[in-house]
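Dumping the structure here so I can ask a few things about it.
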Amino acid sequence: MTARTIDGKAIAAEIRAEVKRDVAALAEQGITPGLATVLVGDDPASHVYVRTKRKACGEAGIRSWDHDLEASVPEQELLELIERLNSDDEVHGILVQLPLPEHVREQTVLDAVRPHKDADGFHPYNFGRLLAGSPLVASATPAGIQELLIRSGVEIAGKDVVIVGRSNIVGKPLAALLMQKGAGANATVTVCHTGTEDLAGHTRRADILIAAIGRAKAITAPMVKEGSVVIDVGMNRTEDGLVGDADYDAVKEVASAITPVPGGVGPMTIAMLLANVVKLARSTI
Ligand code: GUN
């Protein structure tokens, strides 16, 4: 079997067109959704991501304010900036790009963003609401993965989903999303991590396998069940260019559907971030 490719770029374009229509409808009520992005330091990958997010805002008609800070910025200064953005009525969403420099306490910064302006859904309040099944906004990458599965016609309910990776950005919130009772979820979710014994034993049972490991080609063909759906969240810069966490060429001969890297999950993260900003702007009405 050769897997069909799940075209994240095309599905993200659909969502971005919907967001643009929603932004135009809000404009008729006198509201222009706005996102403030905060980028600290000079991590090259973060610069690329944030530039892409800012450009996408512009294309959707969302205002964006760019805050680029030196890597050496004192934590207090960063917290004061967030406080100003929290109090600015024109700013509906705030995004602090991760990772932050080592001298800055990441959780303290994420805690400082007002939950109702938390475009990434990283605040513990939003994390908790997601777990409880009534999210205000869900983190963009997990929400993008769920939407990608739904819009590409992959049945989720009742399926065995195995997530490899337990990060706060992807693995944990995605598990919370897909285990909920309700449409586009209701899966049996297993989360594997560095402490997992017999990783392949778990992944081979997956109907839907989600690789969020951060290591190039870590998921090999023998780890994948025939006919399963593989979602690759990896973005690894290697000598061969940008590659995912799955060994794409080999895995696509076993799976029934697979997301490419690039062009799979990445564009969905951007689209869902924009959708989150619109949701937050709408909630102020
Ligand atoms: N770093 C890696 N992924 C993300 C993301 O989705 N949002 C933010 N803010 N930082 C990230």
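Just so you know, ligand 1 is whichever comes first in the structure, and atom 1 is the first atom listed for that ligand.
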| For ligand 1, is there an N or O atom under 3.5 Å from any N or O atom of Val96? | yes
| Within a strict 4.5 Å, meaning less than it, do heavy atoms of the Leu81 and Glu77 side chains meet? | no
| request: May I ask you to check whether Pro99 has an N/O atom sitting below 3.5 Å from an N/O atom of ligand 1? | output: no
| Can you tell which part of Phe122 has a heavy atom less than 4.0 Å from ligand 1: side chain, backbone, both or neither? |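 For Phe122, the contact with ligand 1 is made by the side chain alone.
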| query | Salt bridge or not for Arg54 and Asp68, using N-O below 4.0 Å? | reply |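 Here Arg54 pairs with Asp68 in a salt bridge, since their nearest N and O are under 4.0 Å apart.
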| message | List ligand 1 atoms under 4.0 Å from Lys53, heavy atoms only on the residue side. | response | 5 (C), 7 (N), 8 (C)
| note | heavy-atom search around atom 1 (N) of ligand 1 in the protein gives Leu98 O, 3.0 Å
| query | Considering only heavy atoms, does Asp120 approach ligand 1 within less than 4.0 Å through its side chain, its backbone, both, or neither? | reply |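 Just the side chain.
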| So, Arg205 and Asp160, do they make that salt bridge, N to O below 4.0 Å? |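 No, no charged N to carboxylate O under 4.0 Å.
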| Nearest to atom 2 (C) of ligand 1 by heavy atom, Met272, Gln97, Met235: which? |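 Going through Met272, Gln97, Met235 one by one, Gln97 has the nearest heavy atom to atom 2 (C) of ligand 1.
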| query | Quick one: do Lys55 and Glu59 make a salt bridge, cutoff under 4.0 Å? | reply |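 Looking at Lys55 and Glu59, the cut-off is met.
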| Shared ILVMFWY cluster between Leu136 and Leu273, side chains joined below 4.5 angstrom? | no
